[in-house]
Amino acid sequence: MNKEITIIANWKSNKSLPEVEGFLAEFEKLLATRRFDSSVKLVLAPAFPALPLVSDWLKSAQVLRAEGALAISLAAQDISPYPAGSYTGAVSARNLEGLNLEYVLVGHSERRHYFGESNQVIANKIDQALSSNLVPILCLDDPDFESQAVVMSAEARAKSLVAYEALSAIGTGQSTRPEVVIEAREQLAHHYDLPKFIYGGSVTAENVGDYLEISDGLLVGGASLKPEDLMAILDQVKDWQERADSGRG
Ligand code: PGA
């Protein structure tokens, strides 16, 4: 059995709706020429307005029904820390119902930095996500490991999928050295259950192999925006699995 690998494509505030349609049409062509092991999972995280479009595509695309089809699920990039109600502009867990989401990104360093989100706000978002059965993908850089954990319940710490993303690696082309990622994982294990561990920060098809051994998946920003770049990453995951498989041989 191959280890399960989850690739999360975070499109951030990129792509108009026609651009998302264009991406899906191209990506579909690339998918049609490949087969995947069921242990490879892709998660698409478009901006809120594109969620219904991608959700409908996931329901209807024939290429996702074929044998050896890639398993793809959907994530929101953010969620309100409040329940449904009078919170103008916020997108609550209730608003996201019916879209067949599986995940929600929470605490991305861009949310912490540009939108001033505190650890407590992020903990509240995680509670909202869990109350709607969404899996929170909790993004953390070294300074947040403990301060974030202390404001979370034991349940939230056990159920969050933790993604380690050093600020210095996000969108900079300077991915974090694998030794540093291993050390971060060890530190994180003091505070979170880590059923799975995700690495993010300047991941590309060229360096993806460096992280598959030491993680259960990757959070990819810039290199997930073009269909061919995202597929190149998935191809590397397949190659890595085949090598690991023959090594076990
Ligand atoms: P990047 O972004 O791959 O462009 O570095 C990663 C992220 O911010 O999730």
Side-chain angles (χ1 to χ4, degrees), residues 6 8-21 23 43-59 72-141 143-165 167 170-171 191-193 195 198 200 219-221 224-225:
T6 305
I8 305 157
N10 176 13
W11 290 347
K12 309 190 180 183
S13 295
N14 296 292
K15 295 191 190 298
S16 64
L17 292 182
E19 284 167 346
V20 172
E21 276 170 357
F23 177 101
V43 180
L44 295 175
F48 286 127
L51 285 171
L53 203 163
V54 181
S55 181
D56 286 347
W57 179 74
L58 292 178
K59 266 189 254 160
I72 309 183
S73 53
L74 194 54
Q77 293 176 17
D78 190 25
I79 191 168
S80 174
Y82 299 105
S86 300
Y87 305 98
T88 302
V91 176
S92 67
R94 171 82 64 81
N95 296 145
L96 295 170
E97 279 174 18
L99 288 166
N100 293 317
L101 297 192
E102 197 170 337
Y103 300 94
V104 60
L105 289 172
V106 184
H108 191 282
S109 78
E110 288 154 11
R111 299 294 317 170
R112 294 174 190 266
H113 182 71
Y114 296 115
F115 300 90
E117 288 184 9
S118 65
N119 288 315
Q120 185 59 58
V121 164
I122 290 160
N124 296 347
K125 290 183 174 206
I126 291 172
D127 290 343
Q128 287 300 313
L130 291 173
S131 73
S132 263
N133 291 322
L134 296 172
V135 177
I137 301 170
L138 169 62
C139 305
L140 293 167
D141 189 5
D144 320 313
F145 291 179
E146 187 173 357
S147 55
Q148 181 65 70
V150 294
V151 293
M152 289 168 64
S153 66
E155 188 199 4
R157 282 184 276 116
K159 291 192 172 164
S160 294
L161 189 54
V162 172
Y164 171 60
E165 291 204 297
L167 188 58
I170 295 178
H191 308 289
Y192 304 88
D193 287 23
I198 306 290
L219 181 49
V220 188
S224 72
L225 291 173

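For this chain, numbers begin at 1 and follow the sequence in order.
Contacts of Glu155 classified as side chain to side chain donor-acceptor pair (under 3.5 Å), with partners at least two apart in sequence or in another chain: Lys159. Remark: Ala149 pairs with Arg157, His191, Tyr192 by the side-chain contact (heavy atoms from CB on, under 4.5 Å) rule, at least two apart or across chains. Partners of Glu146 according to the side chain to side chain donor-acceptor pair (under 3.5 Å) rule, which considers only residues two or more places apart in sequence or in another chain, do not exist here. Residues meeting the ring pair (Phe, Tyr, Trp, His ring centres under 6.0 Å) test with Phe145, sequence neighbours left out: Tyr164. Remark: Ala84 pairs with Ser92, Arg94 by the side-chain contact (heavy atoms from CB on, under 4.5 Å) rule, at least two apart or across chains. Ser118 meets the side-chain contact (heavy atoms from CB on, under 4.5 Å) test with Gln120, Val121; sequence neighbours excluded. With sequence neighbours excluded, the residues forming a side chain to side chain donor-acceptor pair (under 3.5 Å) with Ser73 are Glu102, listed by chain and number. Partners of Glu97 under the side chain to side chain donor-acceptor pair (under 3.5 Å) rule, at least two apart in sequence or in another chain, do not exist in this structure.
When all heavy atoms are compared, the tightest approach of Leu140 to Asp144 is CD2-CB, 3.7 Å. Here the closest heavy-atom approach between residue Ala123 and residue Met152 is recorded as CB-CG, 4.0 Å. Nearest heavy-atom pair, Asp193 versus Ala158, reported as atom, atom and distance to 0.1 Å: OD2-CB, 3.2 Å.
Side chains of Pro136 and Leu130 form a contact here, defined as non-hydrogen atoms less than 4.5 Å apart. Within the 4.5 Å cutoff, side-chain heavy atoms of Gln128 are placed close to those of Pro83.
Under a 3.5 Å cut-off, the side chain of Ser132 and the backbone N or O of Ala129 do not form any donor-acceptor pair.
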Could you pull out all donor-acceptor pairs under 3.5 Å where a side-chain atom in residues 46-57 meets a protein atom, sequence neighbours excluded?
from: Ser55; atom 1: OG; to: Leu99; atom 2: O; distance (Å): 2.7
from: Trp57; atom 1: NE1; to: Glu28; atom 2: OE1; distance (Å): 2.7

Pairs of donor and acceptor atoms involving the side chains of residues 110-117, under 3.5 Å and at least two apart or interchain, shall be tabulated with distances.
from: Glu110; atom 1: OE2; to: Lys12; atom 2: NZ; distance (Å): 2.9
from: Arg111; atom 1: NE; to: Glu117; atom 2: OE2; distance (Å): 2.9
from: Arg111; atom 1: NH2; to: Asp78; atom 2: OD2; distance (Å): 3.4
from: Arg111; atom 1: NH2; to: Glu117; atom 2: OE2; distance (Å): 3.1
from: Arg112; atom 1: NE; to: Gly107; atom 2: O; distance (Å): 2.9
from: Arg112; atom 1: NH1; to: Asn119; atom 2: OD1; distance (Å): 2.9
from: Arg112; atom 1: NH1; to: Gln148; atom 2: OE1; distance (Å): 3.4
from: Arg112; atom 1: NH2; to: Cys139; atom 2: O; distance (Å): 3.2
from: Arg112; atom 1: NH2; to: Gln148; atom 2: OE1; distance (Å): 3.0
from: Glu117; atom 1: OE1; to: Lys125; atom 2: NZ; distance (Å): 3.4
from: Glu117; atom 1: OE2; to: Lys125; atom 2: NZ; distance (Å): 2.7

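Identified under the ring pair (Phe, Tyr, Trp, His ring centres under 6.0 Å) test for residues 80-108, with sequence neighbours left out: Tyr82-Tyr87.
Separation of atoms OG (Ser109) and CD1 (Ile170) is listed at 3.0 Å; rounding is to 0.5 Å. Residue Ser224 holds its OG atom at 8.5 Å from CG of Asn14, rounded to the nearest 0.5 Å. Rounded to the nearest 0.5 angstrom, Leu161 CG and Leu105 CG are separated by 9.5 Å. Atom CD1 in Ile122 sits 12.5 Å away from atom CG in Asp127 (nearest 0.5 Å).
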Could you please spell out the steps behind the side-chain contact (heavy atoms from CB on, under 4.5 Å) verdict for Leu225 and Phe23?
CA-CA 8 Å; Leu225 291 173; Phe23 177 101; over 6 Å; no

With side-chain contact (heavy atoms from CB on, under 4.5 Å) as the criterion, how do Leu74 and Leu58 come out once you've worked through the C-alpha distance, each side chain's angles and the decisive distance to 0.1 Å?
CA-CA 9 Å; Leu74 194 54; Leu58 292 178; 4.1 Å; yes

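Considering Leu138, Ile79, Leu134 in turn, Leu138 is the only one that fulfils the side chain to side chain contact (heavy atoms under 4.5 Å, CB included) rule with Ile126.
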